[in-house]
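See below for the structure under consideration.
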Amino acid sequence: MTTLTTPPRTAPPPAGPRTPSGVSTWRRRIPLLPALIFTVVVTQLPFVATLVISTFRWNILRPGERHFTGLSNYAFVFTDERLRTAVLNTVVLTASVVLISVLLGLGLAVLLDRRFPGRGLARTMLIAPFLVMPVAASLLWKHAIYNPDYGLLNGTLNSLYQFFGADHGPTVDWVSTYPMPAVVVSLVWQWTPFMMLIILAGLQAQPGDVLEAARVDGASAMATFRHITLPHLRQYLELGILLGTIYVVQTFDAVYTITQGGPGSRTTNLPYEIYLTMFRKYEYGEAAAAGVVVVLGSIVIATFALRTIASLFRQEVSR
């Protein structure tokens, strides 16, 4: 007959002073509170004020007639013909600038990814347009390049015509004749370096062993680029497109400086239309409602951008 014995119980270790997890978390967050409060005051309170103003019919020329109208300003935003034209111009401008900049940036990044004498200088020169202030870049294009009297484009055309025996070439007012292409070209010049930097970073992050294996297997340069490099660059291209869309959709400087929305509202985009509604028509409620709509659209685009960035970080961590 066996006797069951229980092992002797050991005394639990003495419990030290415990700090609740919530209290510990808030202790770590306390140093961040001043920055959080400053961010809320600077960004969120003005946005809340804009939301409130967007529900009022408020024209500064008639200050005594301000009254609450609910969502009527938003209904006006989605039904007004001028705003629909501004939305269309914004889509055309943003899509043209972003797509052309991505294609040119991809080509320049592929060239700069190769080793050649003076590559560092070439990179610096190609990045320079992105460092120019937007207003200064717009003034440069408007006066130094597009001007019909002394601009670079007409000067080059005159030189070509005279080279082939003509007395003088045509005098083209580029801004009045081609307003949207004039704005698009100036913005492409400024945003192509941004796309080039993102894509160049993706090219330099390619796994060297995969490229070497492709060369050993006899794959051509075009096949390697199509089947290896482009799939690898997909997320970088998406990131460039999304970030470029967020910034270009807010373009105001080039439109205001080069064309001022004309001729005939052919280049009036949403930011410039909001400016006209606010400072020319003095309709504060309508301008605030249009601004809220633009912010919400930008938030949707930014959400996709943040997801793309997060996927890039996860991919780098998994390597």
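- Other residues, nucleotides and ligands contribute only 12 or fewer heavy atoms inside 6.0 Å of the CG atom of Leu71.
- Side-chain atoms of Gln206 do not come within 3.5 Å of backbone N or O of Gly202 as any donor-acceptor pair.
- Within the 4.5 Å cutoff, the side chain of Pro148 has heavy atoms near those of the Asp173 side chain.
- The salt bridge (charged side-chain N to carboxylate O under 4.0 Å, His left out) analysis of residues 41-58, with sequence neighbours excluded, yields the pairs Arg57-Glu286.
- Within a 6.0 Å radius of CZ in Arg226, no more than 12 heavy atoms belonging to other residues, nucleotides or ligands are found.
- Within the 4.5 Å cutoff, the side chain of Leu140 has no heavy atoms near those of the Val132 side chain.
- In Phe252, the CZ atom is crowded: over 12 heavy atoms of neighbouring residues, nucleotides or ligands sit closer than 6.0 Å.
- By the 4.5 Å heavy-atom criterion applied to side chains, Gln162 and Asp167 are not counted as neighbours.
- Pro134 and Gln190 make their closest contact through CA-NE2, 3.6 Å (heavy atoms, listed as atom of the first residue, atom of the second, distance).
- Residues Pro46 and Val42 approach most closely at CG-O, 3.2 Å, considering heavy atoms.
- We find the NE2-OG1 distance between His227 and Thr229 to be 11.0 Å, quoted to the nearest 0.5 Å.
- Listed here is the closest heavy atom pair of Ile199 and Leu233: O-CD2, 3.8 Å.
- Sorted by first and then second residue, the ring pair (Phe, Tyr, Trp, His ring centres under 6.0 Å) pairs involving residues 35-58 (not counting sequence neighbours) are Phe56-Phe68, Trp58-Tyr284.
- A 4.5 Å side-chain heavy-atom check between Val185 and Tyr146 finds at least one atom pair inside the cut-off.
- Leu237 and Val188 fall within the same hydrophobic cluster, where Ile, Leu, Val, Met, Phe, Trp and Tyr residues are linked whenever their side-chain heavy atoms come under 4.5 Å apart, directly or through other members.
- Rounding to the nearest 0.5 angstrom, the gap separating the CG atom in Leu242 from the CD atom in Gln235 is 11.5 Å.
- Contact annotation: the side chain of Val172 approaches that of Tyr178 to within less than 4.5 Å [non-hydrogen atoms, C-beta and beyond].
- For the atom pair CG (Leu203) and CE (Met196), the distance works out to 11.0 Å, reported to the nearest 0.5 Å.
- Here the shortest heavy-atom pairing between Leu45 and Val41 reads CB-O, 3.7 Å.
- Of all heavy-atom pairs between Pro170 and Tyr161, the closest is CD-CE1, 3.4 Å.
- Note on Ile37 and Leu32: separate hydrophobic clusters, where clusters join Ile, Leu, Val, Met, Phe, Trp and Tyr whose side-chain heavy atoms are under 4.5 Å apart, directly or indirectly.
- Met222 is not connected to Leu211 by any chain of hydrophobic side-chain contacts under 4.5 Å among Ile, Leu, Val, Met, Phe, Trp and Tyr, and they are in different clusters.
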Steps toward side chain to side chain contact (heavy atoms under 4.5 Å, CB included) verdict (Gln260, Tyr272): CA-CA 8 Å; Gln260 293 192 349; Tyr272 190 73; 3.6 Å; yes
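- Residue Leu139 belongs to a hydrophobic cluster whose other members are Val135, with links defined by side-chain heavy atoms closer than 4.5 Å.
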Can I get a per-line list of side-chain donor-acceptor pairs under 3.5 Å for residues 89-112, giving both atom names and the distance, sequence neighbours left out?
from	atom 1	to	atom 2	distance (Å)
Asn89	ND2	Thr85	O	3.3
Asn89	ND2	Ser265	O	3.0
Asn89	ND2	Thr268	O	3.0
Thr90	OG1	Ala86	O	2.6
Thr90	OG1	Leu270	N	2.8
Thr94	OG1	Thr90	O	2.7
Ser96	OG	Val92	O	2.7
Ser101	OG	Val97	O	2.6

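- No side-chain heavy atom of Pro271 sits less than 4.5 Å from a side-chain heavy atom of Thr251.
- With sequence neighbours excluded, the residues forming a side chain to side chain contact (heavy atoms under 4.5 Å, CB included) with Ala219 are Ala214, Thr224, listed by chain and number.
- In the hydrophobic cluster analysis, where Ile, Leu, Val, Met, Phe, Trp and Tyr join through side-chain heavy atoms closer than 4.5 angstrom, Val77 is grouped apart from Met278.
- Within the model, atoms CG of Leu83 and OG1 of Thr277 stand 6.0 Å from one another, a figure rounded to the nearest 0.5 Å.
- Contacts classified as salt bridge (charged side-chain N to carboxylate O under 4.0 Å, His left out) and involving residues 228-250 (residues at least two apart or in different chains) are given here: Arg234-Glu238.
- Contact annotation: the side chain of Leu243 approaches that of Phe194 to within less than 4.5 Å [non-hydrogen atoms, C-beta and beyond].
- Scanning for side chain to side chain contact (heavy atoms under 4.5 Å, CB included) contacts around Arg280 gives Tyr275, Leu276, with sequence neighbours left out.
- Rounded to the nearest 0.5 angstrom, Asn158 CG and Leu153 CG are separated by 11.0 Å.
- Counting only residues at least two apart or in different chains, salt bridge (charged side-chain N to carboxylate O under 4.0 Å, His left out) contacts with residues 74-85 comprise Arg82-Glu273.
- At least one donor-acceptor pair closer than 3.5 Å links the side chain of Asn59 to the backbone N or O of Lys281.
- Transitive grouping of hydrophobic side chains (ILVMFWY, heavy atoms separated by less than 4.5 Å) keeps Ile53 and Val293 in distinct clusters.
- Evaluation of the side-chain hydrogen bond (donor to acceptor under 3.5 Å, both in side chains) test over residues 62-78, restricted to residues two or more places apart or in two chains, returns Ser54-Tyr74, Arg62-Glu65, Thr69-Ser72.
- Side-chain atoms of Asn154 and Trp174 form a donor-acceptor pair, as typed in the model, at a separation below 3.5 Å.
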Tell me which donor-acceptor pairs under 3.5 Å the side chains of residues 294-305 have, and how far apart each pair is, sequence neighbours excluded?
from	atom 1	to	atom 2	distance (Å)
Ser298	OG	Val294	O	3.0
Thr303	OG1	Ile299	O	2.8

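- Within the model, atoms CD1 of Ile258 and CG of Asp253 stand 10.0 Å from one another, a figure rounded to the nearest 0.5 Å.
- Within the structure, no pair that satisfies the side-chain hydrogen bond (donor to acceptor under 3.5 Å, both in side chains) test touches residues 122-143, not counting sequence neighbours.
- The nearest pair of heavy atoms linking Ser186 to Ala254 is OG-CB, 4.3 Å.
- Residues forming a ring pair (Phe, Tyr, Trp, His ring centres under 6.0 Å) with Tyr150 (at least two apart in sequence, or on another chain): none.
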